Amino acid sequence: MSSVEMTGAEIVLSALRDQDVDVVFGYPGGAVLPIYDALFKRNDLRHILVRHEQGAVHAAEGYARSSGRVGVVLVTSGPGATNTVTGLTDALMDSVPVVCLTGQVPTHLIGNDAFQEADTTGITRSCTKHNYLVKSVHEVARVIHEAFYVAKSGRPGPVVVDLPKDVLMAKGTYAAKPTSIHRSYRPRTKPDADAIERAARLMAAAKRPIFYAGGGVINSGPRAARLLTRLVRMTGFPCTLTLMGLGAFPRSDPLCLGMLGMHGMYEANLAMHGCDVLINVGARFDDRVTGRLRDFSPGSKKIHIDIDPSSINKNVAVEVPIVADAGEALDALIKAWRRLKPEVDRKALERWWAEINKWRKRDCLRFDRGSKLIKPQLAIERLYHHTRGRDVYITTEVGQHQMWAAQFFRFEGPNHWMTSGGLGTMGYGLPAAIGVQIAHPEALVIDIAGESSVIMNIQEMSTVAQYRLPVKVFIVNNEYMGMVRQWQELLHGGRYSESYMASLPDFVKLAEAFHAVGLRATKPEELDGVIAEMLATDRPVIADIVVDPAENCFPMIPSGAAHNEMLLGPGDESESSGKEEGMVLV
Amino acid sequence: MAQDKNQEIETHTVSVLVDNEAGVLARVIGLFSGRGYNIESLTVAETDPKNRQSRITIVTGGTPMVIEQIKAQLERLVPVHKVNDLTMEGEYVARELALIKVAGKGTKRVESLRIADIFRARVVDSTNESFIFEMTGSTDKLDAFIRLMEPLGLIDVCRTGIVALPRGPKPF
Ligand SMILES: Cc1ncc(C[n+]2csc(CCOP(=O)(O)OP(=O)(O)O)c2C)c(N)n1
Ligand SMILES: [Mg+2]
């Protein structure tokens, strides 16, 4: 593109187009009016008007995670910017590439407590991967291109670009996307050949190996998930996935042990505890996964593939660190494995699988199937059953329903599961579902929700209506902040302090008020009919599934306990020595 | 954290080359406060005006695992070009500058001047009843001098914190 004179606002939009952006999630206000004006004059950028700026960021996250592209947000200064903080922190914790453009008061007013002024770069410094305050129109294009580069390269994350109004109105020339490399930020993506060799040898000598894969595989792109699948099958080793990694390896594969961690599978956690070689691909030894650190996988040698060097040796010391993109490292490992043609200890591996299959027989997800009330597990199991074979994307809110969704919904491929893992943000699921539906207009998008969480961003039903998005909100309604209630039952003597959600709305009427279809199931016999009706409706639906309010989510490793101190169900007393210690943890 | 042998607190001098842009110091300091790391001393100034780069020298303490984390976290910051752990990378020279104000009369005044002479501190301001000494040296040497000044009428101390370079001809 030649250098054309235009306003800062027009430069912003040209840069977005050059970055292949075709949709922006936003909300207008005084400081960004120049951008909205420029937007009005062109038709190559779609703007989705959310109802709250937090919703814009979660929508951008849902868009990004389901499509592998960068999600873009546009908000005004002051309250517009501060409303994005939760979403930005969420994107930072879960490594989601988001570029968030915020308006700012004119440069000469910065620092004057001007109307709708906030120190946006100051406030967002610790909840973004990087941020910029653009002080000259000549910087606009460069900064926006750089923001996209930073957001999506290395470990992805959110980037804020703060744009003062006078900069947006000033005239400048547009400079197209640069091809040169960044002056300081050049994350390593290719693995060290030596480390790969050592990893392959360690794997070849393993007697009780396990793959432990996380969101890094998903972030690397679908190819990484394919390569992981190939490597796991080549080796015949078991593979467990983190909450963020669900879909990185097909759940239906017999080598898949399902999710690990606090509410993970019995067999997955015990295999982690008992393994002798642990191959971590793109996961970060999060405390939800490790439990009590000093008893975490005590007998294993550990390989850790991570694109972020600061994730390595942070919580858990490892023998073979590999700083690289998950896909690149997996590719190299597969090649090394083929070259080595290792003679793995088949006998030992068979014994290991026999042990794992014994743990599997405990059937850790079993629940009372004869109940007169709808069990939440049954609700999700039936939802899964009815949607099998369809192109279905699941988002969730945060709480018990989220964990049940992770346990009972079985993902075969990447990018179909969007949940707030690191931050655990109630109110994530509905706006995220909007973003997913925008990215995949024809797909089936379901927010598996808790009645308490969904209310945190329920205003986004209005966005759903405006854009006629056929999003399905599947509310697992236990009338409680169930996860809080569960902890109070297990750890605080059953004192249910403020965890009952009184005065809930009538969700059927609420759906109707938002121009959607409202459905309700209160008995197990009604469940299948309601799900079928929901799926047959081509409009947005809120399905209020009234479930057993007292059900707890198991298995559970209480905070501060070790993997082999898992609780499998009601009446299973914790023998954890660290109960007191665990109380202070979240 | 992990192994017991790794539990001992070590002091490291870390040198960070950054783009001299708005907010870069806030990013570095915010990283330390946000993640609960110590800063024992920190100096910063532009060292390469042509490329608009600054060098930040930080003295920090932690277990080996924490020190590794600090370096990895610093490297992750977008405007950071290079992180050097001088404590790990061989010998280096570290210097600090201090201004020390001492007020007193008679023998105490004479004694402070005599000690300053031994420590090679320079007098940069003098009145009938006070001196300001300027002194450059290692942190230990400055500490020792300041301790000796205490009974002699020490009024105020101002220190820069450490600047450091690796020994020998090679660059950072
Ligand atoms: C914004 C926010 N506030 C508070 C919490 C703490 N919290 C975690 S789960 C939960 C209860 C969620 O209730 P609901 O959405 O009904 O889900 P359920 O556990 O009942 O399935 C709460 C309050 C949180 N995760 N996020
Ligand atoms: Mg609930």
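Values below: every heavy atom of this structure, side chains too, minus hydrogens, waters and symmetry copies. Below, chain A is the first sequence line, B the second, and so on; all start at residue 1. Because the structure is a prediction, the values reported are computed rather than measured.
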- Message: Using a 6.0 Å cut-off, check whether atom CZ of R188(A) has over 12 heavy atoms from anything other than its own residue.
- Response: yes
- Provide the closest heavy-atom pair for I312(A) versus Q69(B) in the form atom of the first, atom of the second, distance. O-NE2, 4.1 Å
- For atom NZ of K101(B), is the number of surrounding heavy atoms from other residues, nucleotides or ligands below 6.0 Å larger than 12? no
- Query: What residues form a salt bridge (charged side-chain N to carboxylate O under 4.0 Å, His left out) with D125(B), not counting sequence neighbours?
  - Reply: none
- Step by step, work out the side-chain contact (heavy atoms from CB on, under 4.5 Å) result for N131(A) and R27(B). CA-CA 10 Å; N131(A) 63 17; R27(B) 271 180 226 289; 3.0 Å; yes
- Query: Counting heavy atoms not belonging to D113(A), are there more than 12 under 6.0 Å from its CG?
  - Reply: no
- Item | Contact class of A26(B) relative to chain A, heavy atoms under 4.5 angstrom | both
- Within 6.0 Å of CZ in R183(A), more than 12 heavy atoms from elsewhere: yes
- Query: Is it true that atom NZ of K301(A) has more than 12 heavy atoms of other residues, nucleotides or ligands lying nearer than 6.0 Å?
  - Reply: no
- Item | Most chain A-contacting option - heavy-atom pairs closer than 4.5 Å, from E68(B), H81(B), E21(B) | H81(B)
- Message: Checking D48(B) now: which residues fulfil salt bridge (charged side-chain N to carboxylate O under 4.0 Å, His left out) with it, not counting sequence neighbours?
- Response: none
- Note on the structure: Contact list (residues 140-170 of chain B to chain A, heavy-atom gap under 4.5 Å, by number) returns none
- When rounded to the nearest 0.5 angstrom, what is the spacing between OG in S184(A) and CD in Q53(B)? 8.5 Å
- Note on the structure: Taking a cut-off of under 4.5 angstrom between non-hydrogen atoms, the residues of residues 71-80 of chain B near chain A are A72(B), Q73(B), R76(B), V78(B), P79(B), V80(B)
- Below 4.5 Å from any heavy atom of chain A, which atoms of D19(B) appear? Answer side chain, backbone, both or neither. side chain
